[in-house]
K.L.:
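Submitted below is the structure of interest, expressed as structure tokens.
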Amino acid sequence: MRKEIRIAGFGGQGIILAGIVIGRAASVHDNLFAVQTQSYGPEARGGASRTEVVISDSEIDYPKVQLPDIFVAMSHEALITYLDGLKNGGILIVDPDMIKEEEILPFVEKHNINYFKASATKTAVEKIGLGIVANIVMIGAITKATKVISEEAARKAITESVPPGTEAKNIAAFEAGMDLIDGR
Amino acid sequence: MSNKPKVSGFMNYLRKERIPTIFCAGCGNGTVINTFFNAMEMAELSLDNISMVSGIGCSSRIPGYIKCDSLHTTHGRPIAFATGVKLGNPDMDVVVFTGDGDAAAIGGNHLIHAARRNLDLTVICVNNSIYGMTGGQISPTSPKGSFASTTPYGALEAPFDLAKLVSGAGATYVSRWTTVHPLPLSNAIKKGLQNKGFSFIEVISQCPTYFGRKNRMRSAVEMMKYMKTHSVVKKKAKKMSEEELEGKIILGDFVNRNWPEFSEMLCEQVNEKSEKGLIDAIKSAYKTDL
Amino acid sequence: MNITRFFIQGNEACARGAIKAGCKFFAGYPITPSTEVAEDAAIILPKEGGTFIQMEDEISALGAVIGAAWAGVKGMTATSGPGFSLMQEHIGYAAMTETPLVIVDVQRGSPSTAQPTMASQSDMMQARWGSHGDYEIIALVPSSVQECFDFTVEAFNLAEKYRVPVIVLSDEIIGHMREKINIPDKVEIIARKMPEEGPETFLPYKAEPDGVSPMPPFGAGYKIHVTGLTHDERGYPDASNPETHTKLVKRLCNKILNHRGELTRVKELYTEDADIIVVSYGAPSRSAITAVKNAREKGIKAGHIKLEIVWPFPEEIIRSAAQQASDIIVAEMNLGQMVYEVERVVKSDAEVSLLPKIGGQIHRPEEFLEMIYKCQK
């Protein structure tokens, strides 16, 4: 099993932390192997932000994402930039309030994409009262939609990765994110 | 009276097997060594606890003749090495011997940063206004108009006033004397050794071989006479006009203040953060159980 | 022994390894992509009773580490290409004065300031030849976050054992990626040797049979003189004496070269019967291994040698690989550096080809496969 995940959006959305939490959950708590990488440089500040995670049940040799199985887009720009890279039949999760859906529907249909919508930003603001936890809401959605990490591992990794004192809010954000995905 | 020459007690401080030194006849380095030993005794410090660090140049050879732990480093960098020695073992008294080329040209950045940190080092800068080791090139403290092998038609650049530079950078003890003022110089080195902080003692010294020869002062005596007649103590200088001070060497303490010292603050911070404290790190390279 | 699992960056793993190995001093200067090593050390060192200082440049950073070493403390610095260039003079000084220390060089796109946030392996020869003169150092190349930890520990131990600067040649990819690593409570630590003799008779630069002398710290009563000038066994300058110089410099080189055997560290995969052997080190090894496994599935007799200690160069391993295989592919993230070492050793025993890569990213496994197919023809 080798799963390649790409998460992209813009700076300030906590994109990188989302990648770290998923990698940590998979490797430290689910006993799998994971490599997390990210885009560096001036372009990563304020502009576009991207992280990639490879998860596998055996040691990971080649560490980079080539053809993602899962693509999570938290901005329209990121969605358009990287959509083409998504594998046929892959999973796409978007924050519907941040994108123009009509531009991607033909691609979704043509490539048999497993398409999910998770209003992470809106949920973070309206349900949790904290816009900055949108990334954690999205982790909830990713966990539920892809099962690439276990719910338990995700909870542990979030608790370890967020600032002390904010654990409860972040776990609430995670749960709210899980609820955004139908239980199919 | 015995005919035997009197042997100085200071001889015991030297690595006798390394004598004679490489210094030219008439060089000011001998006076600097003497005044240092005098200062060390006055400050009641011992070579057992002194580490000396030096760079490249004639005066940087001084520690090699003194019986203490000595680190003869690269050109311009002794203060950087000394920073490591002091932080590696803050209990040690760390003395840096350097020259004008070493400290003010290639090593100028380390000089001002160590002063800024107020790290407890005693830096003795033997300023002879010339590169002696390499054969008489111009230095950043050579007076305007002076001659050197690389300024055959006279120097156009303005020299650094090192005592002022280091005072401005944040040193807590700064003093300037010449080799013809051995007693106040000893006293200044003593104060520098005792000051808990960055101490800078600038010693204006003579290089008859290169500076003297190129600038019409053929003997050490002539140069020393010049230093004597051209120096003014700070107190007196204050009352003199700019024109009167032209070409004069101003002597005395420029700065003597009590500011927090870097290694002490760092130790405190480490002790606060660690159960073991910095004391545990001292000579830890020899331990396997940490 | 307790082992704790972490999910951290390669750079952080270097800092953790150093501190486990007994590092109590870090002097550094910020430079991308190595800065996380310094940042992590700045957080952890004080908690372990050590000191961290940000110096005014890379030259002074390495100078301070050398000073701390003589005060009796194990120290390190971390940098990248431009900073590594500035450190070269002090690497030579450390080699000449036999000062143990560790430098982590997180290689980035070069030359000059080129690509601060992208990877390369362009400092391989600089690590070996960067300072002027004849000298030997030891260099290790990690290809995973776990190896960043393990090799930094090893670097500290080798530095003490041979009294030599040891360089961990990481790169931007390995330095910045996060992976799971296991950190044990305690690691094996080689302590610095104190002289058995007293100060009256001890000669600080008289080597023991293994070529290395004990190293007393400043302040221990030995009152030693340390100089970068050619020095005799007492440590005193003797710079114009051809014999003193020849003896000293030969000893500095031979204390490493005579221990080539124990300083050989490679990891071999499917080399027993391989016709085509890929030689790589660091990040590209991960693509190479993927490709070699892939080739094996296709029935191609491919193998892989991952160099872990690159300096001194593992001549014997490469020589015997060349006797067995018909083709050797050397892959590196530069336009050819270690390939010259391979060619020097292989001579005409096998066909050596280079798979270079610059631009900042590692080779894709397909690039290796293509090369392997080519060799097969």
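The chains referred to below are lettered A, B, ... by the order of the sequence lines, with proteins before strands, and numbering in each begins at 1.
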K.L.:
With a 4.5 angstrom heavy-atom cut-off, which part of R117(B) approaches chain C: side chain, backbone, both or neither?
P.N.:
side chain
K.L.:
Check this for me: K67(B), atom NZ, are more than 12 non-hydrogen atoms of other residues, nucleotides or ligands nearer than 6.0 Å?
P.N.:
yes
K.L.:
With a 4.5 angstrom heavy-atom cut-off, could you sort out which part of D289(B) is near chain C: side chain, backbone, both or neither?
P.N.:
side chain
K.L.:
Using a heavy-atom distance cut-off of less than 4.5 Å, which residues of residues 89-105 of chain C contact chain B?
P.N.:
E89(C), H90(C), Y93(C)
K.L.:
Go through the atoms of L266(B) and report whether side chain, backbone, both or neither lie under 4.5 Å from a heavy atom of chain C.
P.N.:
side chain
K.L.:
So, N118(B) and T172(B): side-chain donor and acceptor under 3.5 Å apart, yes or no?
P.N.:
yes
K.L.:
Would you call K86(B) and E261(B) a salt bridge, taking side-chain N to carboxylate O under 4.0 Å as the test?
P.N.:
no
K.L.:
Establish, from distance only, whether the side-chain atoms of E17(B) and Y236(C) form a donor-acceptor pair under 3.5 Å.
P.N.:
yes
K.L.:
Most heavy-atom pairs under 4.5 angstrom with chain B, which of I190(C), L62(C), V65(C), I189(C)?
P.N.:
I189(C)
K.L.:
State whether K247(C) and D232(C) are salt-bridged, where the test is any N-O pair (Lys NZ or Arg NE/NH1/NH2 against Asp/Glu carboxylate O) under 4.0 Å.
P.N.:
no
K.L.:
Less than 4.5 Å to any heavy atom of chain B: does that hold for the side chain of F52(C), its backbone, both, or neither?
P.N.:
backbone
K.L.:
Less than 4.5 Å to any heavy atom of chain C: does that hold for the side chain of K276(B), its backbone, both, or neither?
P.N.:
side chain
K.L.:
Between K193(C) and chain B, with a heavy-atom cut-off of 4.5 Å, which part of the residue counts as in contact: side chain, backbone, both or neither?
P.N.:
backbone
K.L.:
Counting heavy-atom pairs closer than 4.5 Å to chain B, which one of G22(C), P217(C), G228(C), G75(C) comes out on top?
P.N.:
P217(C)
K.L.:
Out of G88(B), S51(B), S274(B), which one racks up the most heavy-atom pairs below 4.5 Å with chain C?
P.N.:
S274(B)
K.L.:
Under a 4.5 Å cutoff for heavy-atom pairs, which residue among V270(B), I282(B), D280(B) has the most contacts with chain C?
P.N.:
V270(B)
K.L.:
Any heavy-atom pair between the side chains of T150(B) and Y131(B) that's under 4.5 Å?
P.N.:
no
K.L.:
Can you list every pair that meets side chain to side chain donor-acceptor pair (under 3.5 Å) and has a residue in residues 93-112 of chain B, with sequence neighbours left out?
P.N.:
N49(B)-D93(B), H75(B)-D102(B), R77(B)-H110(B), T98(B)-D102(B), D100(B)-S139(B), D100(B)-T141(B), N109(B)-H113(B), H110(B)-E56(C)
K.L.:
Is a salt bridge present between D48(B) and K223(C), judged by a nitrogen-to-oxygen distance below 4.0 Å?
P.N.:
yes
K.L.:
At a heavy-atom distance under 4.5 Å, which candidate from T83(B), T74(B), I112(B) has the highest pair count against chain C?
P.N.:
T74(B)
K.L.:
If you count heavy-atom pairs under 4.5 Å with chain B, which of T227(C), L45(C), V73(C), I224(C) comes out on top?
P.N.:
I224(C)
K.L.:
Below 4.5 Å, heavy-atom pairs only: which of M52(B), R116(B), R15(B) has the largest tally toward chain C?
P.N.:
R15(B)
K.L.:
Within a radius of less than 6.0 Å around CZ of F202(C), do more than 12 heavy atoms belonging to other residues, nucleotides or ligands occur?
P.N.:
yes
K.L.:
So do the side chains of I62(B) and F36(B) get within less than 4.5 Å of each other, counting heavy atoms only?
P.N.:
no
K.L.:
Examine the side chains of T31(B) and N34(B) and answer whether a donor and an acceptor come within less than 3.5 Å of each other.
P.N.:
no
K.L.:
With side-chain hydrogen bond (donor to acceptor under 3.5 Å, both in side chains) as the test, would you mind laying out the steps for N38(B) and T35(B) before giving the verdict?
P.N.:
CA-CA 5 Å; N38(B) 195 19; T35(B) 50; over 6 Å; no
